Amino acid sequence: MVKAIYLDINLCCGCGACVVACMDQNDIFPEKGQPAYRRIYTMEEGQFPNTSFLYVSAACLHCADSPCIMGCPTGAITKDRQTKAVIVNGDLCIGCHSCALACPFGVPRYDLEEKMQKCDLCSERVEAGLQPACVRVCPTGALQFKSINKVLGEKEFKFVGNIVSGVHKVTNRR
Amino acid sequence: MKDVQRLLKKKIPTPETGIEIRKSICTICDPRTQCGLDLYIKDGKIIKVEGSEENPYSKGTLCSKGAATRQYVYNEDRLKTPLKRTGPRGAGKFEQISWNEALETIAAGFNDIKNECGPESVAFYSGYAKYFRPYLKRLAHSFGSPNYISESSVCYQATALSQKLVFGRPGGPDLANTNCLLVWSSNPFYTNPGDARAILKGKERGMKLIVVDPRETPTTAHADIHLQVRPGTDGALALSMAYVIINEKLYDQDFTSNHTYGFEEYKEYVQLFTPEKGEELTGAPADKIRAAARMYASFKPAAILPSASSVVHHTNGVQNYRAIFSLVGLTGNYDIIGGNYVKTPSFLHRAAFIRTREHEFVQPKSWDDMPPRIGADRFPVWVDVIDEEGQAMQLPYHIRSGEPYPIKAVIGFGLNYRMWPDSKGMLDSLNKLDFFVNVDIFMTETCKYADIVLPTCTSVELSELRCYDLGYIIYTQPAIPPLYDSRPAADIIYGLANKLGLDDSLFKAGYEAGIDWILEPSGITLTELKKHPSGMFTPKPQQLPEKKYLKTGFKTPSGKMEFKSKIIEKYEGRPGFEALPVYKPPKFSKEAAPELAKEYPFILNTGSRLPMFIHTRTYRLTWTSSLRPNFPSVDINSEDALRLGIKQDDVIRISTPKDAIEVKANLTQMIQPGIIHMYHGHPNADVNLLFEGDYFDPLSGYPGFKAALCKVEKVSER
Amino acid sequence: MLTGRKKIAIIGNGCASAECLKALRESGYSGEIHIFTDSKWPIYNPMLTTYYVAGKITFDQLFPYGKDLLYKKYRAHVHPASPVVTLDHEEKIVVNEDGLELKYNQCLIASGGSPFLPPIEGIESNRVYTMRKVDDAFRLREALLEKPEKALVIGASMIGIKMVELFYQQGMEVCLADLAGHIFPLAAHPECAQVIENRLIKKGIKLRFGAALEKVEETARGVKASFKNSNESEEADLLVICIGVRANTDFIDQKQVEVKQGILIDEQMRTNVPGLYAAGDVAQGKNTLSGERQIIGLWANARYQGRTAGRNMAGVDETFPGNIPHNITHFMGMDFVGIGDVNNYDKMEKKFDGKMFIQFFWKNGFLIGTNFIDTYTEAGVIKNALINSLINNNPVYSHSLPIVQNMLIKKILTEVK
Ligand SMILES: Cc1cc2nc3c(=O)[nH]c(=O)nc-3n(C[C@H](O)[C@H](O)[C@H](O)COP(=O)(O)OP(=O)(O)OC[C@H]3O[C@@H](n4cnc5c(N)ncnc54)[C@H](O)[C@@H]3O)c2cc1C
Ligand code: SF4
């Protein structure tokens, strides 16, 4: 059963716990120029008193047909057969930034050695029966790790092309 | 990569990787959360943290601050050994000394002052941290000083004071059972995730949600009605809601006629606050005020979730809160399940439904046997109502004036002078002390001014007792030993009690014996608690009936719920001491100071929570601070910014008649035009410099941190 | 002649071919697949040649699909080191230089392109280099062993700038010349180009624009280039030409197969001849921006086209709606991004804070192109949204997009406000 991280934007409050948990899990230290895998985006619209806003916690969506894999000139990016995670092999990455132009979600970032860095879906944790660190920490239950089929079955969710995870409800909150 | 290495890299706890999980709690933020921690330990070091699933409050989750525990514990600013100042105050020049020398120097200094001026001249202060407070307070009193004071003087106490004036005993919102929740200026999504989860659950079962907040927040996003008021106008809103509830006969007539004092006068006073008037005073539309009042009064049971401090950080805070809590009585929602339900605290303000001897422990001497506490002269209502402590906000005045007696020494456990309004004035006052000791985890700015600095440690390095309102209790065990030569705060207190030569058998018995003594009436022992490293449910929780006042009456002078305060009545005539919850706009507001507002047209609101910071505690962590790049920055409404030619991250100057600071601008639509919001305590842009030390609520002594007037100018482009 | 079972011929072994091969097998095609290539090497990536020359990657890393794993895994017969010389699409026969003939059922032309060399005097000098093939990389690597001190790069293109970077990092003196008036003449707006040029000049790169190469002479030092209407010639140890790529179509009968700059294809990668497909740098697919057909010489584009061809050849009905020109080049400590059309706009927005440079180009209310310097984070979002907007005739910022995209687009669009 392939599982994916998905976000219920109605529950995401932009607190950033997932971002920090991810940094703790993956030993990412911003002061050393290491980029975060997960980020919080905020969108505000309208003017007082009629404003609406949204928070979205986002990381790599592990696209079903990943544009970054197609854009990578070296074969450094691959899809794990079992977990369907999109994985970067740092040894092969040449830091050309091609994936940055390929990814529709602004995911790829590069460390000081110009190696692309992004979410690996915590595959080892998942194999060990644990949840990805971001899902595990989420205080509102906005991030969930669910079977893809289950998510696909929830018709209230609209799909982002053929992206398997990170499915978002496309309604504004207010 | 080899398998084990892969597992190690991803920190999977297995026998092969040798990674072990130990339990503790997080107290980085310390209201009533205490989320459970699973600490992944490898070779004696924490390599990762996670929430403990066993913890009934946090249920395995953490917030951004708790998730950053590892950076908090292993921070490079950690104090490593006791230090003695060698250079001038503030220079940061210290020499290492031994614990023995440190404690003996402190004890000798305190005893000298005691002999010369009396024990009251030594003040014992607790910063934001909570776990050691019972021991610190006992230390102060055992020593003979009434001056145990704390950060609560600018946090929860005024909220408690307001509730106590109205009901005698505060009643917290029964989130699990309420059908209508009125959240008053609180955003639990950023401060208390458990409450946020309860709100989400409530929404699922159809609970109505009304939120009063000047800002848009994740909480307001879930609200059925969001009353977006101007800061400091909460009282007017509450009175206006009361107008609707009374005039539409939606109130609980049985309760008001049988259990209240001053209802008729209150009812009459409320007539001034038509919803239209309410709109004028607060900015919330009259229709929404009506709708909110009807909703709150008709969905039963209804509860009010107050914030610890945002409503009372106003020059009219207590009166505003009294107006708000009056709604609870008015609608008959006091001390009922699903309403504002009264639970007796067991330990550290939390109710685990067990009987303890906490009060006896912390108050070994009666107030009457000691000289008056700090602030007693100026804040008589405080002394009448607040049992715990002195009013710490008055510390700088007391030091400077030496009246009614001198304060010569202060020992602070996490004292940060930037917490006070006119923070510069507070620092100057500290520098007037003969002897200043500060205990902290980190080498803070304030520590640099101390004569002796003692290193303490974080929650994961010590043992502490905590209760949870869910009838849960935990005695933690250190996941790692205290780092460097640091010691748990309680150890320091017990060590000091010993060196001071206090004749106090409970101090002599030791820390754990003291806790067993406190717990004795409950039948729970530490031996039992230690068998449950992640805590346990209390075996025989006390049953609490509803409406306990039917038997015991209200703990107020009239024995009833007081719309009109008999305590304040005693002082009537003093400005601000009105017995009814009279609404006055904040002292520095367009309404109260129109001339000033011409030059300083913006409302300055400080300290409203951001999700990644709690006071100054996580500023130094790169994980949390990366969530808000370019901090310190001030939130300004995008339209205002456009008008003033200010763009994102431009440097702007915020000035009040007192002072000015320069800080980056953060443009947002989540706040109202005309208001700027700035988080407090940052060394590079300390907004408390902008407040006069006497800009406070005359009833509580609370600074008006959440509504003053200021001016905004652009300084430079980013 | 090889006849018999169902056969598919693939001409060329670039990434377009590789993706076609994979797609055929993954879509269930079980007949024979024959790959013809003029090269003796496995599938390599032309873009990696400069990285190899610079010593940033190993030789093996030139081959992103592995050495011959792919052929084995997907059961392909490879006919290496012999170019296809004839393609008789009526008889459906391919013939290579070695004389091998194959009768096919379907054929994909994916022979890519070759560097264009202008027909001028002296161009055949062995001091003149190009950069595309493995052998090009070998040649230049060898030349660098002699510790040359100065290089002249003709062609201020994406490849040109990578050559400049390579020589610069070797500590060499570099002159970059182009007939055009500024760097990246196709992808960058003059104002954006100016910013890049200033940075290059600061790093000591000599720039010569409006310089049309006229003649190449060998000298004692190496080589001397002279330019039209200029007395100032440029002498260097070596000269690299990267002024463009020409589709490899020599073996095609252009009377039957429609060829302009490349082979014209439709959205299913079909040529005008039944059973004959083309993909990659040899093919002219749809530019969704102009609506015309154009060679878009990009790695990912070649792969998508190859894959689409393969799927269609295997009977899966799939379209690849087209592409727009887009480039990201990370060189000498900076990032340049050029997307879409930066010339035919009616409104331009710009922001430059000394480091980050952002330009948006609009036409009839539609975003048609962007230039970025030193901000790559939203590049992919904008590119995908732009393509999406063109295909669906929506504004680039629209609520029909996934939320994350929407947020990022809004963020970057408001940057210039
Ligand atoms: C230096 C350089 C840098 C580049 N940088 C980038 C970049 O940053 N981003 C990007 O997206 N793209 C870049 N490209 C372009 C990219 O490499 C090409 O678009 C892509 O490789 C095209 O793939 P293809 O399969 O169509 O053709 P090719 O890779 O050219 O493969 C065609 C193959 O066919 C063979 N062949 C040719 N004629 C015959 C024949 N008659 N018979 C048999 N075989 C034949 C060739 O030898 C070759 O092996 C760059 C190219 C170069 C040269
Ligand atoms: S989201 Fe971006 S990085 Fe992740 S798989 Fe998709 S294209 Fe690749």
Side-chain angles (χ1 to χ4, degrees), chain A residues 7 9 12 35 39-45 53-61 65-78 89 91-110 114 116 158-161 163 166-173, chain C residues 15 18-19 43 45-48 50-52 54 56-58 60-66 162 298-304 307 326-331 335-339 372 375-385 387-388 399-412:
Chain A
L7 177 81
I9 55 163
C12 181
R39 286 177 279 279
I40 304 290
Y41 298 111
T42 313
M43 186 161 74
E44 301 176 359
E45 286 192 334
F53 62 94
L54 279 176
Y55 294 105
V56 170
S57 161
C60 173
L61 296 156
D65 179 9
S66 314
C68 61
I69 296 180
M70 291 300 263
C72 176
T74 68
I77 315 178
T78 51
N89 178 347
D91 294 341
L92 294 180
C93 176
I94 54 169
C96 67
H97 294 194
S98 292
C99 47
L101 190 55
C103 175
F105 302 101
V107 166
R109 292 288 188 287
Y110 307 85
E114 286 293 357
M116 198 267 255
K158 183 166 166 175
F159 292 94
V160 183
I163 289 160
V167 187
H168 300 131
K169 226 176 196 176
V170 191
T171 49
N172 264 13
R173 189 146 53 178
Chain C
C15 63
E19 292 301 329
I43 298 161
N45 183 342
M47 165 185 171
L48 295 174
T50 60
Y51 288 83
Y52 171 62
K56 289 180 183 164
I57 57 169
T58 63
D60 284 359
Q61 278 175 276
L62 276 172
F63 309 101
Y65 291 92
K162 279 306 232 188
L298 295 170
W299 175 253
N301 190 55
R303 292 179 81 179
Y304 280 117
R307 186 174 84 176
H326 58 272
N327 288 286
I328 185 162
T329 350
H330 183 54
F331 61 98
D335 266 303
F336 164 74
V337 177
I339 302 171
F372 298 150
T375 173
Y376 63 83
T377 46
E378 279 86 30
V381 188
I382 280 285
K383 184 204 80 183
N384 284 288
I387 295 177
N388 187 300
H399 278 288
S400 68
L401 286 177
I403 284 165
V404 181
Q405 282 186 1
N406 234 332
M407 287 177 155
L408 290 169
I409 291 162
K410 193 174 172 192
K411 178 171 158 234
I412 188 89

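Numbered from 1 within each chain, the chains take letters A, B, ... in sequence-line order. Quantities reported herein were computed from a predicted structural model and do not represent experimental measurements.
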**Student:** Looking at Leu92(A), Thr74(A), Asp91(A), which hits side chain to side chain contact (heavy atoms under 4.5 Å, CB included) with Gln61(C)?
**Tutor:** Leu92(A)

**Student:** Of the backbone (N, CA, C, O) and the side chain (C-beta and beyond), which part of Cys99(A) lies under 4.5 Å from a heavy atom of chain C, both, or neither?
**Tutor:** neither

**Student:** Quick one: what part of Pro108(A) sits under 4.5 Å from any heavy atom of chain C, side chain, backbone, both or neither?
**Tutor:** backbone

**Student:** Does some side-chain heavy atom of Arg39(A) sit less than 4.5 Å from a side-chain heavy atom of Leu408(C)?
**Tutor:** no

**Student:** Is it the backbone or the side chain of Met47(C) that comes under 4.5 Å from a heavy atom of chain A, or both, or neither?
**Tutor:** side chain

**Student:** Grab the two heavy atoms, one from Gly75(A) and one from Pro64(C), that are nearest each other, plus how far apart they are.
**Tutor:** N-CB, 4.0 Å

**Student:** Does any heavy atom of chain A fall under 4.5 Å from the side chain of Leu298(C), the backbone, both, or neither of them?
**Tutor:** neither

**Student:** Would you check if Ile94(A) and Ile57(C) make a side-chain contact, meaning some heavy-atom pair closer than 4.5 Å?
**Tutor:** yes

**Student:** For Phe331(C), is it the side chain, the backbone, both, or neither that has a heavy atom closer than 4.5 Å to a heavy atom of chain A?
**Tutor:** neither

**Student:** Under 4.5 Å heavy-atom distance to chain C, tell me which part of Cys96(A) shows up: side chain, backbone, both or neither.
**Tutor:** both

**Student:** Could you look at Asn327(C) and say if it's the side chain, the backbone, both or neither that has a heavy atom under 4.5 Å from chain A?
**Tutor:** backbone

**Student:** I need the His97(A) NE2 to Asp335(C) CG distance, nearest 0.5 Å.
**Tutor:** 5.0 Å

**Student:** What class does the angle between the rings of Tyr376(C) and Tyr110(A) fall in, given that below 30° is parallel, 30 to 60° is tilted and above 60° is perpendicular?
**Tutor:** perpendicular

**Student:** Just how far is it from atom OH of Tyr55(A) to atom CE of Met407(C), taken to the nearest 0.5 Å?
**Tutor:** 9.5 Å

**Student:** Once rounded to the nearest 0.5 Å, what's the spacing between atom CG of Asp65(A) and atom OH of Tyr304(C)?
**Tutor:** 5.5 Å

**Student:** Look at the side chain of Lys410(C) and the backbone N and O of Glu44(A), then say whether any donor-acceptor pair between them is shorter than 3.5 Å.
**Tutor:** yes

**Student:** Under a 4.5 Å heavy-atom cutoff, which of Lys56(C), Glu378(C), His326(C) has the most pairs with chain A?
**Tutor:** His326(C)

**Student:** Do Tyr51(C) and Pro73(A) make a side-chain contact, defined as non-hydrogen atoms from C-beta onward lying under 4.5 Å apart?
**Tutor:** no

**Student:** Using heavy-atom distances under 4.5 Å, tell me whether Val337(C) contacts chain A through its side chain, its backbone, both, or neither.
**Tutor:** side chain

